[in-house]
Every structure is written in structure tokens, then in C-alpha cells.
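Please read the structure below before turning to the comments.
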Amino acid sequence: MKNRIKIYFGIALLAATVSSCNLDKEPLNGPATGTFPSNETEAENGLLGAYKALTLLDASSTPFLHVLDNITDIGYARPGNNYTPGITSSYTTDNTLATKPWTAHYKTLARVHLVLDKLPGLQGKIPPEKLKQLDAELRFIRAYVYSQLIELYGGVPLLTKNVPLGEANIAKTDAAEIRQWIIEELTAIADALPVNQSAYGKVRASSVAAYMLKARVALYAGQFDLAAASADQGIKLSNGLHELTPFNESINYAGKSHVAGEPDVSNIFGHEGFKSSKEWIWVMEYNINVPGNVHNQQYYAASRLGRGVAYWGPTQDFIDSFQASDGLSITESTEYDASNPFANRDPRLDMYCVRPGSRFLGYQFEMNSSFKNVLNYWPILSAASDEPSTVANADQSNAARSYSGYLWRKHVDIKDFATTSVNGQSDLNIGIFRYAELLLIYAEAKIEANKIDNSVYDAINQIRLRAHMPVLKAGLSQAELRKALRYERKVELASDGFRWYDLRRWGIANQILNGNLYLNRDANKWTSAVLTKIDDNASPVYNTALANKVFGVQNVIFKINKDEFWPIPESEIVMVPNLKQNPGY
């Protein structure tokens, strides 16, 4: 078996490059890696190749960030060898999903170092300010990659340059030490980056992105004062550049039936949003005109009627987490009615999720066997008719229909389904940093530091008001604000890839991911008695005896001192003796 870690440490794999503001439109037919880069153009092409490398990490042809939440308590993937082990404490050291990020991230580091190592020799060939910016962007990408590696694997080999094959027997550096190194790197480069790189479609890093990454890493490390200060700087630099984008008018369909219309968040999370929304700070760019620069996320996320395979979807646990429209939990609110459970709820339930009785990708979505046929609204959408047609309900009858009973609406754009084939590829961009997360980082850091002031309320309330939800009551305690913050992260950042990290760093993974995870594949009705409360982490607590009768059940297991991190690929352990496997594998 090949010694992958040695290959990736020592050999850079440079991708195609760009023309205009899009990555990798033309292949690089330039010098060999021994002399590359030798000038400014080649150095910039190498930088863009490093950005491009970030797009290559996927699972089931879906960008990795949008896979992660489906192996937690809020999302569920089709049962199988790659996904179910993530919630049943049964990953192996050759599990593709668990080991793939290791390989992909070290490939990206090789691309970074191919250019970064040569920059000192390009002094005098590149203007000083340009050289400084190239250095800062490459180090930013490297810092981001390490921020991902340590969250998944804990301690990893920390490389600050390419390593010759004969010197690649490198031990792990402790995760805490790497976090501190990341913070110091970002401190050094943040102000060397432009405040805004909108000419590149937010694909290239800005100083706002650097301060946001520093804030995120500091928050995860428990350095709350530093996290708050860094997030505050990012917010200040964002003035006039970044802000929350209001939901479009389709928010008026939230809580209503498919007859009213289809909720749609494409002005933020779709093609339109990535083009014009100021909410995005840093994104991964895809381009269908570039070979290999596409993904199939839409196909895996879409309903059966909507030309997809319904591969992932929210859990019943997540659906029950959404507050009622009065801002109270559904176990406390008088506005909640279990016989009509999707009415009078936080509109983000319908803006971000697909539930029975709603419209999705032009079709009435129903999972109960009583719905043999459903309405097709495409005749109206295509202006072929004033009335919908009737079609057989494949969303219910297909054996591989949604396994949770729900689907994700967020990160799906109906425009892709008007033009693609059943397994058509998409070049919908993938967001990495969003202004909403920056606000939540700031609020959480201030809450955990117990330095609570009006700015904390303002940060959270901006997000709640965008969702047409009531603002927080004044005078909340630290514990009450912590619960409010955890609700907002759970709901607002759902399907963005943060839930697994949050459960671990809050120390609640062993509580949330042990026991039963509930699904409702048959869209069974339930009474309010199945729920006993919503706990301080904004998670539902069920009457197990009743819930087990109504819902489908997935048993979940989290083992302390094992499942905090994923296994390192066994092939790397065999070939690199100093690289020790994580505990429990």
C-alpha cells in the first residue's frame, strides 16, 4: 500500500488555474514543480490551485461541510457503512468518510507549501505588497486546513513547509499547541489581507475572514476574551461590506401548506445568494465549465419527485427543537398544536427544512401512505398551465425515500432542477464563512466570558429578527443566554457543518448522542405527550415509551475518550511509525 502521508507531505499536486475571477478555467501547462513558481503569475496560479483544492473534499459527491450535520442529532443519512458508524461508535480505521478528510487536507497543505516555500526567493520579482498578500493568503488557507484537521482528528502532524520523503516520519503535535499556532498565524497575517476581495467573488480570503477564523478557533479553544475581541474586529471591518440578507417574501409561506407556495432561501444559499448576498464572507467556488469543478449535492439532497435520491434529511429531534412563533419551546407555548405541528413555528423550520404538507422543488411533499398521488406545480412554474397536475407520489412509494421523513431545503436551489438531468451536476458555491456565524461567535464568547451587555442581545436579535422571531427578553441570566445562543446555533447554522463540533466542545455529545434518535419516515401523527421538555441545550427530551411507538428509532452511541475524534487512516499509521492512532481505534 502506498505511503500516502509521505507523498502528500513531499509532493505538491497543483490544480488548474483561473482566468478572470473564476478558479481553474484553464489548465496550467507550465514548469515542473522543481522550479515552480518562478514569477508573480505562477505564484498567483499556485495560490488559486490551493483554493481549488478545498473544493475537492466531498462525500457522496456532496461537499463535506454539508455532510457533517447528517451524522449528528439534527440530520440523518441513508443507513450505510460510511454514515451510520459515525453515530454508533463503530468507525474503523479504513472507513472512507472518517479518513477521507485527512487525505484531502494534506493534499491542500502540499499545494500551499509548493508556493509558500518559494516566496522568499521571489523577492525583487514580485512587488513587496503583492508578495506580502500572497504570503498572507497562503498562510490563511493553511490555518483553515489545520483548524479542520484538529477538530476531526485532534493532534496531527504540524507541517510549516514541504517535507522531503526521507524526513516524513513525523509525530503528532498536540491539538492545543496547533490551536495556539493558528491564532498566532492569523494575528500575523490578518492585517496583510485586503478588507474586501469581492472582485474574486469572495473566493479569496479577506481580513474579515482572517479575524473570523481567529475568533472561531479561539472560541473552540475556550479563549473567550480573545474570541470576542477578534469577532468584534471582524464585525467592525464588515461595516458596509457584510450584513445579514433578509429572507425573501417566500417566508410568508412558512407554516402553510403546499397550496400557498414554496419557501425559498436561494437569495442567500442559492446561485442568486452567492452572487449578490452580503452575508457571505468566504466561499468555495465551483464552475461547471471547468472539468471536475462541480458536485452532485443537489441530486443527493432532493426529493424523489424532484429528481433526487433523498439521501439526507433533518431528524424528528431537530424538527421538535424549533420554537413556536412566540419564542417559547413547543412544550411551553400555547401557540403550538401537536395536531397541526408545523403551524405557528419559527419560520426557519420551513425555510431550512422540508416537511410533509409543504412544497419542495415544485411538488407537494408527503410521506404518509395515505397520499398515493400529489400535486405537481411545474405546469404553473413553466407557464404551461394555470393549474397543477397530479402525479404518483414517488416520495412515499420509493423504497429509498427519505429515511428521516424530512429533507433539507437549505443549500438546494430550484434553478438547478429546471435544467439538469436526474443525476445532473451543479456548480452551486459552498459557503465557508457567513456573517450570521460571526455574530453568533461574538455572542457566545461574551456570554461564556460572562461579560454580557447589550451587544450580546443585539448580535442574537439581528438573527432572530431576520427570521421574524421575537427578540430575547432583557435581563436574562448567563445560563438563560447560553440556552438562547445554543438554540440559535442549532437552528441558524443547521446543515452548515458545525453541529458535531458544537456537541463536542460543549461537552454534551455523550448526552445527546447516547440513546434514541427519532425519525418519522411514515409521517405518523403524534401527541404532545411524546415530549417531556426542551432542555437547556435546546434539545428535546422524549417520553421514550410513547415516542418509540410513534417514530422510527435509530440507536446512537457515543463513547467517551474515543468518539471525540475520528480515526487516522490505518495506512498512514503503518507507514509512519511516529504517527500514533487515536484512542479507541
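Nothing fancy with the numbering, it's 1 onward along the sequence.
Counting heavy atoms from C-beta outward, F318 and K490 have side chains that approach closer than 4.5 Å. Looking at heavy atoms from C-beta onward, W506 lies in side-chain contact with E444 at the 4.5 angstrom threshold. Residues I432 and V283 form no side-chain contact, since every pair of their non-hydrogen atoms from C-beta on lies 4.5 Å or further apart. A 4.5 Å side-chain heavy-atom check between Y406 and C353 finds every atom pair outside the cut-off. Contact check for V491 versus D346: side-chain heavy atoms found under the 4.5 Å cut-off. In this structure, the side chains of L476 and R482 stay at 4.5 Å or more apart for every pair of heavy atoms. Looking at heavy atoms from C-beta onward, P540 lies out of side-chain contact with Y518 at the 4.5 angstrom threshold. Side-chain contact between K256 and D350 is absent, with no heavy atoms from C-beta onward closer than 4.5 Å.
Nearest heavy atom pair, residue P379 against residue N376, reads CD-O, 3.3 Å. Residues M367 and A523 share a closest heavy-atom pair of CB-CB, 3.8 Å. Taking each heavy atom of I74 and S495 in turn, the nearest pair found is CD1-N, 4.4 Å. Among all heavy-atom pairs drawn from Q297 and P63, the shortest one is OE1-CD, 3.7 Å. For the pair S333 and L328, the tightest heavy-atom approach, listed with the atom from each and the gap, is CB-CB, 3.9 Å. The heavy-atom pair separating T99 from P567 by the smallest distance is CG2-O, 4.0 Å.
In this structure, R348 forms no cation-pi arrangement with F322, as its terminal cationic atom is not both closer than 6.0 Å to the ring centre and no more than 45° off the ring axis.
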Pair I568, T93 - check side-chain contact (heavy atoms from CB on, under 4.5 Å), show working.
CA-CA 6 Å; I568 296 169; T93 56; over 6 Å; no

Please step through side-chain contact (heavy atoms from CB on, under 4.5 Å) for the pair L440 and L493, ending with a clear verdict.
CA-CA 10 Å; L440 291 174; L493 303 183; 4.1 Å; yes

Might you work through the side-chain contact (heavy atoms from CB on, under 4.5 Å) test for T108 and L56, ending with a clear yes or no?
CA-CA 9 Å; T108 300; L56 301 179; over 6 Å; no

Intermediate values then yes/no, side-chain contact (heavy atoms from CB on, under 4.5 Å), Y286 and I430
CA-CA 8 Å; Y286 293 81; I430 302 298; 3.5 Å; yes

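With sequence neighbours left out, A538 forms a side-chain contact (heavy atoms from CB on, under 4.5 Å) with Y487. With sequence neighbours excluded, the residues that form a salt bridge (Lys or Arg N to Asp or Glu O under 4.0 Å) with E151 are R179, R504. Residues meeting the ring pair (Phe, Tyr, Trp, His ring centres under 6.0 Å) test with H411, sequence neighbours left out: H66, F269. Applying the salt bridge (Lys or Arg N to Asp or Glu O under 4.0 Å) rule to R78 yields no partners; only residues at least two apart in sequence or on another chain are considered. Residues meeting the side chain to side chain donor-acceptor pair (under 3.5 Å) test with Y542, sequence neighbours left out: D320. Scanning for salt bridge (Lys or Arg N to Asp or Glu O under 4.0 Å) contacts around D58 gives K100, with sequence neighbours left out. W282 meets the ring pair (Phe, Tyr, Trp, His ring centres under 6.0 Å) test with F140, Y144, F433; sequence neighbours excluded. Partners of F274 by ring pair (Phe, Tyr, Trp, His ring centres under 6.0 Å), not counting sequence neighbours, listed by chain and number: W280.
Salt-bridge annotation for E437 and R216: present, with a side-chain N of the basic residue lying under 4.0 Å from a carboxylate O of the acidic one. Ion pair E366/K372 not flagged as a salt bridge, since none of the NZ, NE, NH1 or NH2 atoms sits closer than 4.0 Å to an Asp/Glu carboxylate oxygen. Ion pairing between a basic and an acidic side chain is recognised when a charged N comes within 4.0 Å of a carboxylate O; E564 and R505 show no such pairing.
No hydrogens or angles considered: a donor-acceptor pair under 3.5 Å links the side chains of D416 and S426. S60 and T62 form no side-chain donor-acceptor contact under 3.5 Å, judged by distance and modelled atom types alone. Between the side chains of T390 and N373, no donor-acceptor pair is found at a separation under 3.5 Å. Between S329 and K533, the side chains place no donor N or O within less than 3.5 Å of an acceptor N or O (distance only, hydrogens not considered). Neither side chain, R521 nor Q396, offers a donor N or O lying under 3.5 Å from an acceptor on the other. For K525 and S339, the side-chain atoms include no donor-acceptor pair closer than 3.5 Å. Side-chain contact of D413 with S266: a donor-acceptor pair under 3.5 Å is absent, judged by distance alone. Side-chain contact, Y352 with E492: a donor N or O sits under 3.5 Å from an acceptor N or O. With no hydrogens or angles considered, a side-chain donor-acceptor pair links N516 and N548 at under 3.5 Å.
How far CD of E285 is from OG1 of T55: 9.5 Å, rounded to the nearest 0.5 Å. Here CG of L485 is found 4.0 Å from CD1 of I447. Values are rounded to the nearest 0.5 Å. Expressed to the nearest 0.5 Å, how far CG of L381 lies from CG of L361 amounts to 10.0 Å. N368 contributes atom CG, which lies 9.5 Å from atom CG of N393 (distance to the nearest 0.5 angstrom). One distance of note links OG of S303 with CZ of R359; it measures 13.0 Å at 0.5 Å rounding. Atoms CD and CZ, from Q323 and R464 in turn, are 4.5 Å apart once rounded to the nearest 0.5 Å.
Side chain of K562 to main chain of S89: a donor-acceptor pair is present (N/O by atom type, distance under 3.5 Å, no hydrogens or angles). Proximity of a side-chain donor or acceptor of T72 to a complementary backbone N or O of D69 within less than 3.5 Å is detected. Side-chain atoms of N582 come within 3.5 Å of backbone atoms of Y153 as a donor-acceptor pair (strictly under, hydrogens ignored). S277 contributes no side-chain N or O that, together with a main-chain N or O of T245, makes up a donor-acceptor pair within less than 3.5 Å.
Pairs passing the ring pair (Phe, Tyr, Trp, His ring centres under 6.0 Å) check and including a residue from residues 81-100, sequence neighbours excluded, read Y83-Y311, Y83-W312, Y91-W566. Residue pairs that meet the salt bridge (charged side-chain N to carboxylate O under 4.0 Å, His left out) test with at least one member in residues 385-408, sequence neighbours left out, are R401-D522. Among pairs with a residue in residues 327-337, none fulfils salt bridge (charged side-chain N to carboxylate O under 4.0 Å, His left out), at least two apart in sequence or across chains.
A side chain to side chain donor-acceptor pair (under 3.5 Å) with Y377 is found for one member of H258, E262, Q364 and no other, namely H258.
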Give the table of side-chain donor-acceptor pairs shorter than 3.5 Å for residues 552-559, with sequence neighbours excluded, one pair per line with atom names and distance.
from	atom 1	to	atom 2	distance (Å)
Q554	OE1	Y76	OH	2.7
N555	ND2	G515	O	3.0

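Summarising the local packing, CG of N81 is surrounded by 12 or fewer heavy atoms from other residues, nucleotides or ligands at distances under 6.0 Å.
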